[in-house]
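Throughout, a chain's letter reflects where its sequence line sits, starting with A, and its residues are numbered from 1. Excluded from the calculations below are hydrogen atoms, water molecules and symmetry mates; all remaining heavy atoms, backbone and side chain alike, are included.
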Amino acid sequence: MLERYDFAEIEKKWQKSWEDQETFKTVEDESKEKYYVLEMFPYPSGKLHMGHVRNYSIGDVIARFKTMNNFNVLHPMGWDSFGLPAENAAIKNGIHPNLWTWANIDEMRSQLKELGLSYDWSREVATCHPDYYKWMQWIFVQFFKKGLAYKKENPVNWCPSCQTVLANEQVVDGGCERCGTLVGKKELSQWYFKITDYADRLLDNLDNLDGWPNKVKIMQKNWIGRSIGAEVDFDIVGFDKKMKIFTTRPDTLYGVTYMVLAPEHPFVNELVSGSEKEAEIKAFNEKLHQMSDIERTSTTLEKEGVFTGRYCINPLNNKEVPIFIANYVLMDYGTGAIMAVPAHDQRDFDFAVKYNLEIIPVVETNDPNIDMLNLKEAFIAEGNMINSDKFNGMNNKVAIAKFIEYLEENKIGKKSINYRLRDWLISRQRYWGTPIPMIHCDKCGWVPEKEENLPVLLPTDVEFTGKGESPLTTSKTFGETACPECGGLAHRELDTMDTFLDSSWYFLRYTDPKNQEKAWDFKNQKYWMNVDQYIGGVEHAILHLMYSRFFQMALYDLGFVSNEEPFKNLLTQGMVIKDGKKMSKSIGNVVSPDLIISKYGADTARLFILFASPPEKELDWSDAGVEGSFRFLNRVHRLVYELSAIVPAAPKTYILETEADKNLAYVMNGTVKKVSEDVGGRFNFNTAISSIMELVNEMYKYKEGDDINLGLLKVCVENLVLILSPFTPHICEEMWQHLGNNESVYKTNWPVYDEEALIKDTVEIVIQVNGKVKEKLNITNNLDKSTFERIVMENEKVMAIISGKDVIKIIAVPNKLINIVVK
RNA sequence: GCCGGAGUGGCGGAAUUGGCAGACGCACAGGACUUAAAAUCCUGCGAUCUUCAUCGAUCGUACCGGUUCGACCCCGGUCUUCGGCACCA
């Protein structure tokens, strides 16, 4: 250890030492309690940005803290390395995605290593490696066999300018991410996962995820969007099929004055074909098809529709009501058909007013401001039933169940649950993804590739044009194959998987990353799972975190894993933004940690980003203040260097003699306690760091004093280095070694604090008069209440303030405060 | 429109259970050391008033009101802002 803080030298030295000693390698060890800490693995875009630094610094502090607290910690890292940017680079620069990706991985891996993160690199995985995607394909086959994967024709996002399909995430404000052209729809046959089968479990299990932020649970809940209601069958006059509708308000059935079909509803053609309405309906539908999804589903779009000329019969009162098609009813929710109750639904109300349709109230209020016979807007609040035959007088909430009962008894409907959640479209017309291991045979239909033939390797003889269909169609070697079932000529699926699949189970592969026989050994996953602490950006609150939960549940049902939920505790870090905007390559506001690391070192970078703000909060990046973190580390370095000349020889035991001793022991033990709680409990790294700063300030003050207690100082220095080490590991290793220790600070036990030292002889109490602070007093700790009150009331200043006034009340909080209420 | 956060000095932020608002750090100002600079150290740093200075007083946690001996914290309302969802029947 030099007198000067040579961070570059120190960081290089210890990174090499950790690598040589395999300090962070983890093996299963039944004798120890395990702790699995995981940060969301990155897409290898090429360069680390400050958001990554924040994410991995948080995880590293937790991993190191848990290790020092004697847990067997699994802390892995890998690459979510399939994805579109690699392919775009190929189109633009002619580099093969494989080369581009691996070059980026190498670059980012070395950047991560420069940060001194405690990863077990022997467990590294990359989703684009055949060793990984082989098992991705295997999982797909298991899902297919269980009936969780199916293929169907459906409209998908299509950019007419780029001539390609876009993922939902690639549609930004209704336009193509790359060229901005309005995205349309195209019918394509696609693979889906039946995530809707798990809707109830995904929703209900949220209640048990105590370690998850509420915000994320609410977002998932809204996304799943469970609505409980009823399905009702309406007869159509002169038509042999029934019109099935879904409603959450069966209590309003007597208020139905018209019906609406979605324009795409399969009945529409049959109902109007050959009638005088046919041309009008066709024209209306064509107009709708010209619209983008965004326009079409905008709440501000005026409600429009066309009467079909046909009628329905309300099964409750046999009333005939007209059937419309309208732009506000969507084919892909519920049954694509609704009963309209304008009195109690605002959309129906708007439509009824426009087309002059009847409005019949069936729920009444006693609010004098609302005229039920002349409504200005739909009445959606609670009330009592009217105009509803035998249901009249009932509270409408109660009536819902009665109506459902009635529907079921008379076989005209039943209770029904609908979800906003749709099945997961997993096909992508892309090259750089996992090939879907399915083969189509004219005789046998869709057949999975035999498991012993996995992986289905991505072919390399592929052209990248960015136009047209999946690039795999251009391969001369890939498409044709033999049917695994009958051996006849068959064709491979040419689409690849959505990359969200790859990231939905990587946490399982980490538990057994090198296994060539299985995706993972049951025993290994049983030892390590669940992930005890998952850390990542709040932007993944819905997609990644719900897909992973779905995978885990499906794999649980298949018997491959031992838990239904993958992530026990979740920490969603806030985004690191710059100038009010999310850091992104296209805006050009990405801040790389390189400059800070070369100027101040990785320890400073880590310390600064954790000190700047609590982790969940959004952080507007500014490097003002980096100097302060660097200054602090210099200050620590100087202090330890100076004291290392005198403390190593001192005994580890000490007796507190002076007031200064007691004070320092109080601060030191308090700091150990606070850091333990802030890091181990509530993840407030910023306050943990500030309390360490206070300890350092206190130690500087103490060592300038007259009587120096070397034993106490020794413990202070050692504890300081230990509790700082999860934040800034390199400098702490260096100081720890210099203090005469041979073992890595990482392998050293976290210090315990002395509860006794936290009990003070005297405490400062606050004296308030009428709630205003008037005086502060040092009194003996733990005085009984009456003595405490007497001392305060006999205080000269207090007596002066209250003299001549009536004391009405005295509120005394022992060891803290006393409030004298006077008049 | 619906749901969920957030709003504290010039700035990042602290106040963990209703009990001293502004910890810690940044920036700034003054001083010490130095031939000088850097580094380091010391002091000050919410606003207003008062005072030679101290001492002190009043106000102050987006805004209005309430509960309480006491409110950044609890309750009612308003505004601003961020995030999610959005003709979901």
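Listed pair A/Asn815 / B/rG19 fails the phosphate criterion, with no side-chain N or O lying under 4.0 Å from OP1 or OP2. Regarding contacts with the backbone of B/rG70, every side-chain N or O of A/Lys772 stays at 4.0 angstrom or more from both OP1 and OP2. Here A/Arg4 does not reach the OP1 or OP2 of B/rA38: none of its side-chain N or O atoms lies under 4.0 Å away. The phosphate of B/rA39 has neither OP1 nor OP2 within less than 4.0 Å of any side-chain N or O from A/Arg635. An OP1 or OP2 oxygen of B/rA89 is reached within less than 4.0 angstrom by a side-chain nitrogen or oxygen of A/Ser227. Dashed line: the shortest gap from a side-chain N or O of A/Arg631 to OP1 or OP2 of B/rC26 is under 4.0 Å.
In this structure A/Asn684 satisfies the side-chain hydrogen bond (donor to acceptor under 3.5 Å, both in side chains) test with no other residue, sequence neighbours excluded. Residues satisfying the side-chain hydrogen bond (donor to acceptor under 3.5 Å, both in side chains) criterion with A/Glu764, sequence neighbours excluded, are absent altogether. Qualifying side-chain hydrogen bond (donor to acceptor under 3.5 Å, both in side chains) partners for A/Lys701, counting only residues two or more places apart in sequence or in other chains: none. Shown here are the side-chain hydrogen bond (donor to acceptor under 3.5 Å, both in side chains) partners of A/Asn663, two or more places apart in sequence or in another chain: A/Glu698.
In RNA chain B, runs of at least 3 consecutive Watson-Crick or G-U pairs, each pair with both distances below 3.5 Å, span B:1-7 with B:79-85, B:10-12 with B:24-26, B:28-32 with B:40-44, B:46-49 with B:56-59, B:62-66 with B:74-78.
For CD1 of A/Ile380, the number of neighbouring non-hydrogen atoms (other residues, nucleotides, ligands) closer than 6.0 Å is 12 at most. Dense packing is recorded around NZ of A/Lys703, with more than 12 heavy atoms of other residues, nucleotides or ligands lying under 6.0 Å away.
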List the atom pairs, donor and acceptor, that lie under 3.5 Å between side-chain atoms in residues 607-625 of chain A and the rest of the protein, sequence neighbours left out.
from, atom 1, to, atom 2, distance (Å)
A/Asp620, OD1, A/Asp579, N, 3.3
A/Ser622, OG, A/Ala624, N, 3.1

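Using a distance-only test at 3.5 Å, with no hydrogens or angles considered, no donor-acceptor pair links the side chain of A/Ser57 to the main chain of A/Arg606. Judged by distance alone, with hydrogens and angles left aside, the side-chain atoms of A/Gln220 form no donor-acceptor pair with the main-chain N or O of A/Leu203 at under 3.5 Å.
If you check every strand for non-hydrogen atoms under 4.0 Å, A/Gly628 touches sugar and phosphate atoms only. Residue A/Lys221 is out of contact with every strand shown, counting any heavy-atom pair closer than 4.0 Å. Here A/Leu301 lies in heavy-atom contact (under 4.0 Å) with a base. A/Ile218 comes within contact range of the sugar-phosphate backbone alone, with a heavy-atom separation under 4.0 Å but no base atom that close.
Atom CD of A/Glu627 is separated from atom C1' of B/rA38 by 12 Å (rounded to the nearest Å). A/Arg682 places its CZ atom 5 Å from the C1' atom of B/rU16, with the value rounded to the nearest Å. Distance A/Asn697 CG to B/rG25 P: 5 Å, rounded to the nearest Å. At whole-Å resolution of the value, CD1 in A/Ile228 and P in B/rC88 are 18 Å apart. Rounded to whole angstrom, the span from the OH atom of A/Tyr700 across to the P atom of B/rC41 amounts to 6 Å. Counting to the nearest Å, the C1' atom of B/rG1 and the NZ atom of A/Lys303 are 11 Å from each other. Rounded to whole angstrom, the span from the CG atom of A/Leu607 across to the P atom of B/rC26 amounts to 12 Å. Rounded to an integer number of Å, the gap from OH of A/Tyr5 to P of B/rA39 is 17 Å.
Atom name P, nucleotides B/rU40 and B/rG4: the rounded distance is 49 Å, in whole Å. Rounded to whole Å, the C1' atom of B/rU50 lies 11 Å from the corresponding atom of B/rU58. Of the C1' atoms belonging to B/rG25 and B/rC45, the separation is 14 Å, rounded to the nearest Å. Rounded to the nearest Å, the gap between the P atom of B/rC28 and that of B/rC11 is 15 Å. The same atom, C1', is picked in B/rU34 and in B/rA39; the two are 11 Å apart, to the nearest Å. Using P as the reference atom, B/rC2 and B/rU78 are 11 Å apart when rounded to the nearest Å. Rounded to the nearest Å, the gap between the P atom of B/rU8 and that of B/rC72 is 15 Å. B/rG77 and B/rG19 have their P atoms separated by 25 Å, with the value rounded to a whole Å.
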Interface polar pairs with nucleotides 82-85 of chain B, N/O, under 3.5 angstrom:
from, atom 1, to, atom 2, distance (Å)
B/rC85, O3', A/Arg420, NH1, 2.9

Return the polar atom pairs (N/O with N/O) between nucleotides 20-23 of chain B and the protein under 3.5 Å, or none.
from, atom 1, to, atom 2, distance (Å)
B/rC20, O2, A/Lys776, NZ, 2.5
B/rC20, N4, A/Glu764, OE1, 3.4
B/rA23, O2', A/Glu694, OE2, 3.1

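Applying the salt bridge (Lys or Arg N to Asp or Glu O under 4.0 Å) test to residues at least two apart or on different chains, the pairs with a partner in residues 331-353 of chain A are A/Asp332-A/Arg422, A/Asp345-A/Arg347. Sequence neighbours left out, the pairs with a member in residues 250-267 of chain A that pass side chain to side chain donor-acceptor pair (under 3.5 Å) are A/Arg249-A/Asp251, A/Asp251-A/Asn396, A/Tyr258-A/Tyr328, A/Glu264-A/Arg296. Sorted by first then second residue, the salt bridge (Lys or Arg N to Asp or Glu O under 4.0 Å) pairs that include residues 211-233 of chain A, not counting sequence neighbours, are A/Asp200-A/Arg226, A/Asp204-A/Arg226, A/Glu231-A/Lys244, A/Glu231-A/Lys414, A/Asp233-A/Lys244.
Two residues are said to be in side-chain contact when any heavy atoms from C-beta on lie closer than 4.5 Å; A/Ile731 and A/Phe7 fail this criterion. Residues A/Ile62 and A/Phe683 have side chains in contact (heavy-atom distance under 4.5 Å, counting atoms from C-beta outward).
Residues from residues 331-342 of chain A placing a heavy atom under 4.0 Å of any atom in RNA chain B, listed by number, are A/Tyr333, A/Ile338.
With hydrogens and angles left out, the side-chain atoms of A/Ser227 and A/Asn418 include no donor and acceptor closer than 3.5 Å. Between the side chains of A/Asn222 and A/Arg420, no donor N or O sits under 3.5 Å from an acceptor N or O.
With a glycosidic angle no more than 90° from 0, B/rG9 adopts the syn conformation.
Residues A/Lys617 and A/Arg249 both approach RNA chain B. Their nearest nucleotides, taken by heavy-atom distance, put A/Lys617 toward the 5′ side.
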